[in-house]
Trainee: 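One structure, as structure tokens, below. Some questions next.
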Amino acid sequence: MTAQLILVPQISTLPAHEQKAQAMLRWLVKREIVEALPTTCGQGGNGMAYAIGPGARRIAQRPEMLPYGEAHNGLEIITNRCIYVPTRSFLEEAGCAECRREVGVPLFDSLEVWWPGETDNFTCPECGHEDDINGFLFLQPCGFSNLGFIFNGWAEAGLRPAFVEEFGERLGFALRQVRVDDPA
């Protein structure tokens with residue numbers, strides 16, 4: 001499997017997420033970052049994704065590392081509630097943005113009610129601060145949302161910060177980049 005670079009909005013339930021996903025895809029296609037029609041260049045589910053386009057060179061930090069010609073080089077858009085964490089050596093450590101205490105164990109235990117959508121929030125067991133789960137502090141980048149953009153094979157190339165910022169502005173929410181080196 002190839003390494004992935006994932007952009008995740010920092011909100012558990014993004015309103016009108018499927019429409020936002022389509023709008024973002026149209027924008028990426030217009031800029032020739034990905035192709036318009038899906039092909040078998042993905043890794044997840046049915047293997048379908050939007051293949052890398054010539055415009056990807058403009059938004060990559062190291063364009064020479066982009067996965068042109070590789071079997072897995074496409075963008076997968078996930079519109080289901082999902083947890084995005086690095087799969088290698090993930091520490092499951094988190095802190096409260098209010099009291100700054102370690103809350104990783106109870107936070108990650110709370111994902112059992114977050115995942116099915118029973119709640120978007122987590123309450124700090126130390127000080128009672130409640131926020132969207134994405135509002136807590138994580139030692140390693142991770143994200144929790146009903147929308148995710150998985151760039152297969154793009155991890156080594158990286159994305160330019162200006163592109164990530166523009167992507168977030170168009171989406172209407174701040175983003176977190178999650179790198180997955182060995183997706184299972």
Side-chain angles (χ1 to χ4, degrees), residues 2-68 70 72-86 97 114-115 117 120-121 131-138 140-181 183:
T2 60
Q4 299 171 321
L5 187 60
I6 307 170
L7 296 180
V8 185
Q10 293 303 282
I11 183 169
S12 292
T13 304
L14 189 125
H17 68 292
E18 291 182 355
Q19 291 86 355
K20 291 271 192 181
Q22 289 304 309
M24 296 306 293
L25 176 60
R26 285 190 301 273
W27 176 67
L28 293 169
V29 167
K30 183 177 179 182
R31 295 188 63 193
E32 298 182 326
I33 294 167
V34 297
E35 298 296 330
L37 298 174
T39 63
T40 57
C41 61
Q43 293 184 153
N46 63 7
M48 301 300 282
Y50 300 91
I52 189 170
R57 288 182 178 91
R58 293 188 309 271
I59 60 139
Q61 288 181 314
R62 292 174 302 286
E64 70 280 2
M65 301 298 289
L66 285 167
Y68 290 103
E70 298 295 322
H72 300 129
N73 69 17
L75 167 67
E76 295 176 53
I77 302 174
I78 308 300
T79 57
N80 299 319
R81 191 171 269 239
C82 197
I83 299 167
Y84 301 94
V85 297
W114 180 89
W115 188 286
D120 288 347
N121 293 349
D131 197 359
D132 184 291
I133 196 166
N134 290 287
F136 286 79
L137 309 171
F138 298 92
Q140 295 164 289
C142 55
F144 310 86
S145 187
N146 63 345
L147 183 59
F149 299 86
I150 302 173
F151 294 85
N152 291 294
W154 296 40
E156 294 304 319
L159 296 172
R160 293 178 189 238
F163 170 75
V164 174
E165 184 177 329
E166 184 180 7
F167 195 105
E169 287 172 1
R170 285 192 158 274
L171 190 61
F173 288 90
L175 297 170
R176 189 166 289 145
Q177 286 189 69
V178 179
R179 181 187 168 119
V180 178
D181 290 314

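A quick note: this is a predicted structure, and the numbers were derived from the prediction, not measured.
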Trainee: List in chain and number order the residues that pass ring-ring contact (aromatic ring centres under 6.0 Å, His included) with Phe138, two or more places apart in sequence or in another chain; answer none if no residue qualifies.
Mentor: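 By the ring-ring contact (aromatic ring centres under 6.0 Å, His included) rule, Phe138 matches Phe144.
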Trainee: Where do Gly53 and Tyr68 come nearest, in terms of heavy atoms and distance?
Mentor: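 What the structure gives for the nearest pair is O-OH, 2.6 Å.
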Trainee: Distance from Thr79 atom OG1 to Glu18 atom CD, nearest 0.5 Å?
Mentor: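 Taking OG1 in Thr79 and CD in Glu18, the distance rounds to 4.5 Å.
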Trainee: So do the side chains of Lys20 and Leu171 get within less than 4.5 Å of each other, counting heavy atoms only?
Mentor: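 A side-chain contact under 4.5 Å exists here.
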Trainee: Who passes side chain to side chain donor-acceptor pair (under 3.5 Å) against Glu35, sequence neighbours left out?
Mentor: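 Applying side chain to side chain donor-acceptor pair (under 3.5 Å) to Glu35 gives none.
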Trainee: Return the SG to CD1 distance between Cys142 and Ile133, rounded to the nearest 0.5 Å.
Mentor: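 Taking SG in Cys142 and CD1 in Ile133, the distance rounds to 8.0 Å.
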Trainee: Shortest non-hydrogen contact from His72 to Gly42?
Mentor: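 Smallest heavy-atom distance, with atoms named: CD2-O, 2.9 Å.
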Trainee: Could you pull out the closest heavy-atom pair between Phe173 and Pro9, with the gap in Å?
Mentor: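 Taking every non-hydrogen atom into account, CB-CB, 4.2 Å.
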Trainee: Under 3.5 Å, sequence neighbours excluded: what are the donor-acceptor pairs made by side chains of residues 159-169?
Mentor:
unit_1 : atom_1 : unit_2 : atom_2 : d
Arg160 : NE     : Arg58  : O      : 3.2
Arg160 : NE     : Ala60  : O      : 3.0
Arg160 : NH2    : Ala60  : O      : 3.4
Glu166 : OE1    : Arg31  : NH1    : 3.2

Trainee: Mind checking what makes side chain to side chain contact (heavy atoms under 4.5 Å, CB included) contact with Thr13, not counting sequence neighbours?
Mentor: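 Applying side chain to side chain contact (heavy atoms under 4.5 Å, CB included) to Thr13 gives Arg81, Asp120, Asn146.
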Trainee: So which pairs with a foot in residues 2-15 pass salt bridge (charged side-chain N to carboxylate O under 4.0 Å, His left out), sequence neighbours left out?
Mentor: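 The answer is none; no pair qualifies.
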Trainee: Distance check, rounded to the nearest 0.5 Å: Leu28 atom CG versus Leu75 atom CG?
Mentor: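 Leu28 atom CG to Leu75 atom CG measures 6.5 Å (nearest 0.5 Å).
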Trainee: Mind checking what makes side chain to side chain donor-acceptor pair (under 3.5 Å) contact with Asn121, not counting sequence neighbours?
Mentor: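 With neighbours one apart ignored, the set is Glu130.
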Trainee: Please enumerate all residues that pass side chain to side chain contact (heavy atoms under 4.5 Å, CB included) together with Leu137, with sequence neighbours excluded.
Mentor: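 Scan of Leu137 (side chain to side chain contact (heavy atoms under 4.5 Å, CB included), adjacent residues dropped) gives Ala97, Arg100.
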Trainee: Looking only at heavy atoms, what is the nearest atom pair of Ala49 and Cys41, with distance?
Mentor: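 Reported closest heavy-atom pair: O-SG, 3.5 Å.
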Trainee: Just grab all the salt bridge (charged side-chain N to carboxylate O under 4.0 Å, His left out) pairs involving residues 37-48, residues at least two apart or on different chains.
Mentor: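 Listed by first then second residue: nothing to list.
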Trainee: Please list, chain by chain and in numerical order, all residues satisfying side chain to side chain contact (heavy atoms under 4.5 Å, CB included) with Gln22, sequence neighbours excluded.
Mentor: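 With sequence neighbours excluded, Gln22 shows a side chain to side chain contact (heavy atoms under 4.5 Å, CB included) to Leu25, Arg26, given in chain and number order.
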Trainee: Please name all residues satisfying side chain to side chain contact (heavy atoms under 4.5 Å, CB included) with Pro38, sequence neighbours left out, ordered by chain then number.
Mentor: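 Checked Pro38 against side chain to side chain contact (heavy atoms under 4.5 Å, CB included); matches are Met48, Tyr50.
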Trainee: So which heavy atom on Val180 is nearest to which on Pro86, and how close?
Mentor: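 Scanning both residues completely, I find the closest heavy atoms to be CG2-CA, 4.4 Å.
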Trainee: Are any non-hydrogen side-chain atoms of Leu175 and Phe149 less than 4.5 angstrom apart?
Mentor: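 Side chain of Leu175 against side chain of Phe149, heavy atoms only: no contact under 4.5 Å found.
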Trainee: Indicate yes or no for a side-chain donor-acceptor contact from Trp154 to the backbone of Asn73 under 3.5 Å, with no hydrogens or angles considered.
Mentor: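 Between the backbone of Asn73 and the side chain of Trp154 there is a qualifying donor-acceptor contact (under 3.5 Å).
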Trainee: Quick check against the 3.5 Å criterion: does Glu76 have a side-chain atom that pairs as donor or acceptor with the backbone of Asn152?
Mentor: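 Answer holds: no.
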Trainee: Any chance you could measure Leu7, atom CG, to Leu5, atom CG, to the nearest 0.5 Å?
Mentor: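 Interatomic distance, Leu7 CG to Leu5 CG, rounded to 0.5 Å: 6.0 Å.
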Trainee: What heavy-atom pair brings Asp131 and Gly135 nearest, and what distance separates the two atoms?
Mentor: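 Closest pair (atom of Asp131, atom of Gly135, distance): OD2-CA, 3.5 Å.
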Trainee: Using the test salt bridge (charged side-chain N to carboxylate O under 4.0 Å, His left out), find all partners of Arg179 that sit at least two apart in sequence or belong to another chain.
Mentor: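 If we apply the salt bridge (charged side-chain N to carboxylate O under 4.0 Å, His left out) test to Arg179, skipping adjacent residues, the hits are Glu156, Asp181.
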Trainee: Quick one: are Gln177 and Phe151 in side-chain contact, heavy atoms under 4.5 Å?
Mentor: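 The answer is no; the side chains never approach within 4.5 Å.
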Trainee: Please tell me if the side chains of Leu147 and Ile77 come closer than 4.5 Å, counting only heavy atoms from C-beta onward.
Mentor: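 Side chain of Leu147 against side chain of Ile77, heavy atoms only: contact under 4.5 Å found.
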Trainee: Sequence neighbours left out, what passes side chain to side chain donor-acceptor pair (under 3.5 Å) with Asp132? Give chain and number order.
Mentor: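 Testing Asp132 for side chain to side chain donor-acceptor pair (under 3.5 Å), a comparison that skips the adjacent residues, returns Ser12, Asn134.
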